[in-house]
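See below for the structure under consideration.
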Amino acid sequence: MSYLRRTLAMDLGTASVLVYRKSKGIVVNEPAVVAMNLYTNKIVAIGKEAKEMLGKTPGFIVAKRPLKDGVIADFNATEKMIKYFMQKSIGKTLLKPNLIICVPSGINQVQRRAVIQASKLAGANKTFLIEEPLAAAYGCDIDVTSSKGSLVIDIGGGTTDVAVIAMGGMVVSKSIKTAGDECDAAISDYIKKKFNMVIGDTTAENLKVNIGNKETMNEDNLIEVKGRNLLTGLPMHIFITINDIMEAISRPINEIVETVHSVLEKTPPELAADLYDEGVYLTGGGALIKGLDEKLQNKIGIPVIIPNSPETMVVKG
Ligand code: ADP
Ligand code: MG
């Protein structure tokens with residue numbers, strides 16, 4: 001019977017959850033958000049639906065991300081979310097599936113056990129953990145077991161993970177808490193300081209995702225942004241340029257670039273030489289931030305490769 005048991009791979013991210021099913025490919029790709037009713041303590045919505053509620057919910061419904069910086073912040077919500085996405089991936093079945101979950105490389109034993117426990121309570125048969133940078137490397141079709149070194153940079157919502165991989169393991173790695181969310185916050189901050197306007201998290205994220213997107217600009221190449229006036233408290237709108245956004249995110253982007261630089265400095269020379277030939281891989285949703293690859297390439301002088309749909313590399317691996 002065991003051949004009937006399904007195995008699912010889950011990338012349990014801060015920003016999104018992806019599930020990969022053998023022979024079917026990616027069956028779930030949704031925001032890692034859970035909406036809860038505070039009075040009844042019941043979950044109202046999970047995933048896409050819940051994300052749409054973020055920042056718009058009445059007081060007694062809170063939409064939150066169960067994971068923060070790649071580790072479980074709300075155990076109960078994480079368990080429910082795993083359960084929901086697991087069922088969504090396989091439908092009704094008598095056999096509990098095995099679950100392979102990708103976790104950030106920096107997490108400790110207690111945090112690992114929490115993930116396994118949540119997965120078990122959510123109804124998984126067996127749970128296996130795999131370190132994210134390794135999974136990302138497999139996803140990029142890198143021969144992980146080769147003695148040749150490769151560098152993978154995964155930029156998610158909460159964390160950026162940089163790792164040099166060779167012979168099936170990580171030789172040098174570093175994880176920082178500057179990633180996609182930090183860019184959103186930097187955009188909000190910038191607009192608050194320069195225009196005295198407060199914008200929501202979703203607005204900030206949309207600005208980041210749509211940099212350089214023609215549809216979002218008017219004929220003068222300006223982008224309209226709506227928010228609330230910091231002084232009067234009333235709704236207002238302003239027009240900004242691409243340069244405003246690029247300037248706003250330059251600090252977090254520089255931090256990411258510096259981190260890659262520092263990992264390269266710690267890489268043994270033999271492996272560093274391989275990297276020059278092979279290039280470095282940029283994965284995770286943050287890989288799509290406009291201009292990041294170019295900035296990185298200029299700084300480190302090594303070709304930067306962004307695979308098609310970089311946000312799916314971890315779960316594919
Ligand atoms: P996690 O592994 O933490 O769940 P993801 O790999 O899904 O994170 O990446 C999520 C981050 O990528 C978010 O900050 C999101 O705003 C950002 N992102 C997704 N698509 C784009 C895009 N096209 N341009 C810029 N940033 C993007
Ligand atoms: Mg991720």
Side-chain angles (χ1 to χ4, degrees), residues 9-20 26 28-34 47-48 50-51 54 64-73 78 81-82 85 100-107 115 129-140 152-163 175-188 199-216 242 245-246 248-249 252-253 256 281-296 306-317:
M10 187 178 281
D11 174 4
L12 196 58
T14 317
S16 44
V17 176
L18 283 83
V19 181
Y20 184 90
I26 291 168
V28 166
N29 182 355
E30 291 197 33
V33 179
V34 171
K48 261 192 213 106
K51 170 140 190 196
L54 265 182
K64 55 182 174 187
R65 290 168 158 191
L67 288 103
K68 208 164 180 284
D69 302 328
V71 300
I72 296 180
T78 305
M81 189 167 74
I82 296 177
F85 287 131
I100 304 169
I101 302 183
C102 317
V103 293
S105 57
I107 77 170
V115 176
L129 301 186
I130 171 168
E131 306 211 70
E132 247 179 298
L134 270 182
Y138 277 111
C140 292
V152 180
I153 305 155
D154 182 79
I155 307 176
T159 55
T160 294
D161 292 280
V162 185
S175 176
I176 57 164
K177 290 183 176 138
T178 302
D181 295 344
E182 192 77 15
C183 292
D184 302 349
I187 293 174
S188 295
I199 59 171
D201 294 344
T202 312
T203 306
E205 184 178 7
N206 285 337
L207 285 171
K208 174 190 68 181
V209 170
N210 292 315
I211 303 175
N213 203 338
K214 285 274 176 289
E215 291 102 76
T216 61
I242 293 186
I245 307 176
M246 297 305 266
I249 61 171
I253 295 295
I256 294 172
Y281 292 83
L282 206 51
T283 67
L288 296 166
I289 296 173
K290 193 151 160 67
L292 172 65
D293 50 338
E294 218 180 289
K295 213 164 189 174
L296 194 59
I306 304 181
N308 282 331
S309 44
E311 71 282 8
T312 64
M313 289 305 129
V314 165
V315 77
K316 276 192 187 147

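Atom set for the values below is all heavy atoms of this structure, side chains included, hydrogens, waters and symmetry mates excluded. Numbering of ligands and ligand atoms starts at 1, following listing order.
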Shortest non-hydrogen contact from Met246 to Gly291? CE-CA, 4.5 Å
Considering only N, O or S atoms of Glu132, the one closest to the Mg ion (ligand 2): OE2
Report, as yes or no, whether the 6.0 Å neighbourhood of atom CG on Asn213 holds more than 12 heavy atoms from other residues, nucleotides or ligands. yes
Do the side chain of Glu205 and the main chain of Asp184 share a donor and acceptor less than 3.5 angstrom apart? no
For residues 154-161, please give each side-chain donor-acceptor pair under 3.5 Å, one per line with the distance, not counting sequence neighbours.
{"from": "Asp154", "atom 1": "OD1", "to": "Thr283", "atom 2": "OG1", "distance (Å)": "2.8"}
{"from": "Asp154", "atom 1": "OD1", "to": "Gly284", "atom 2": "N", "distance (Å)": "3.4"}
{"from": "Thr159", "atom 1": "OG1", "to": "Asp161", "atom 2": "OD2", "distance (Å)": "3.3"}
{"from": "Thr160", "atom 1": "OG1", "to": "Thr178", "atom 2": "O", "distance (Å)": "2.5"}
{"from": "Asp161", "atom 1": "OD1", "to": "Ser175", "atom 2": "OG", "distance (Å)": "3.0"}

Check: Lys208 side chain, Gly180 main-chain N or O, donor-acceptor pair, under 3.5 Å: yes
Please give the N or O to N or O pairs under 3.5 Å between ligand 1 and the protein, distances rounded to 0.1 Å.
{"from": "ligand 1", "atom 1": "3 (O)", "to": "Thr14", "atom 2": "N", "distance (Å)": "3.2"}
{"from": "ligand 1", "atom 1": "3 (O)", "to": "Ala15", "atom 2": "N", "distance (Å)": "3.4"}
{"from": "ligand 1", "atom 1": "3 (O)", "to": "Gly157", "atom 2": "N", "distance (Å)": "2.9"}
{"from": "ligand 1", "atom 1": "4 (O)", "to": "Thr14", "atom 2": "N", "distance (Å)": "3.3"}
{"from": "ligand 1", "atom 1": "4 (O)", "to": "Ala15", "atom 2": "N", "distance (Å)": "3.0"}
{"from": "ligand 1", "atom 1": "4 (O)", "to": "Ser16", "atom 2": "N", "distance (Å)": "2.8"}
{"from": "ligand 1", "atom 1": "4 (O)", "to": "Ser16", "atom 2": "O", "distance (Å)": "3.3"}
{"from": "ligand 1", "atom 1": "4 (O)", "to": "Ser16", "atom 2": "OG", "distance (Å)": "3.4"}
{"from": "ligand 1", "atom 1": "6 (O)", "to": "Gly285", "atom 2": "N", "distance (Å)": "2.9"}
{"from": "ligand 1", "atom 1": "7 (O)", "to": "Ser16", "atom 2": "OG", "distance (Å)": "2.4"}
{"from": "ligand 1", "atom 1": "8 (O)", "to": "Gly157", "atom 2": "N", "distance (Å)": "3.2"}
{"from": "ligand 1", "atom 1": "9 (O)", "to": "Gly285", "atom 2": "N", "distance (Å)": "3.3"}
{"from": "ligand 1", "atom 1": "12 (O)", "to": "Gly286", "atom 2": "N", "distance (Å)": "3.2"}
{"from": "ligand 1", "atom 1": "14 (O)", "to": "Lys208", "atom 2": "NZ", "distance (Å)": "3.0"}
{"from": "ligand 1", "atom 1": "16 (O)", "to": "Glu205", "atom 2": "OE2", "distance (Å)": "2.6"}
{"from": "ligand 1", "atom 1": "16 (O)", "to": "Lys208", "atom 2": "NZ", "distance (Å)": "2.7"}
{"from": "ligand 1", "atom 1": "18 (N)", "to": "Gly285", "atom 2": "O", "distance (Å)": "3.4"}

When Ile130 is tested against each of Ile100, Ile101, Val314 for side-chain contact (heavy atoms from CB on, under 4.5 Å), which residue passes? Ile100
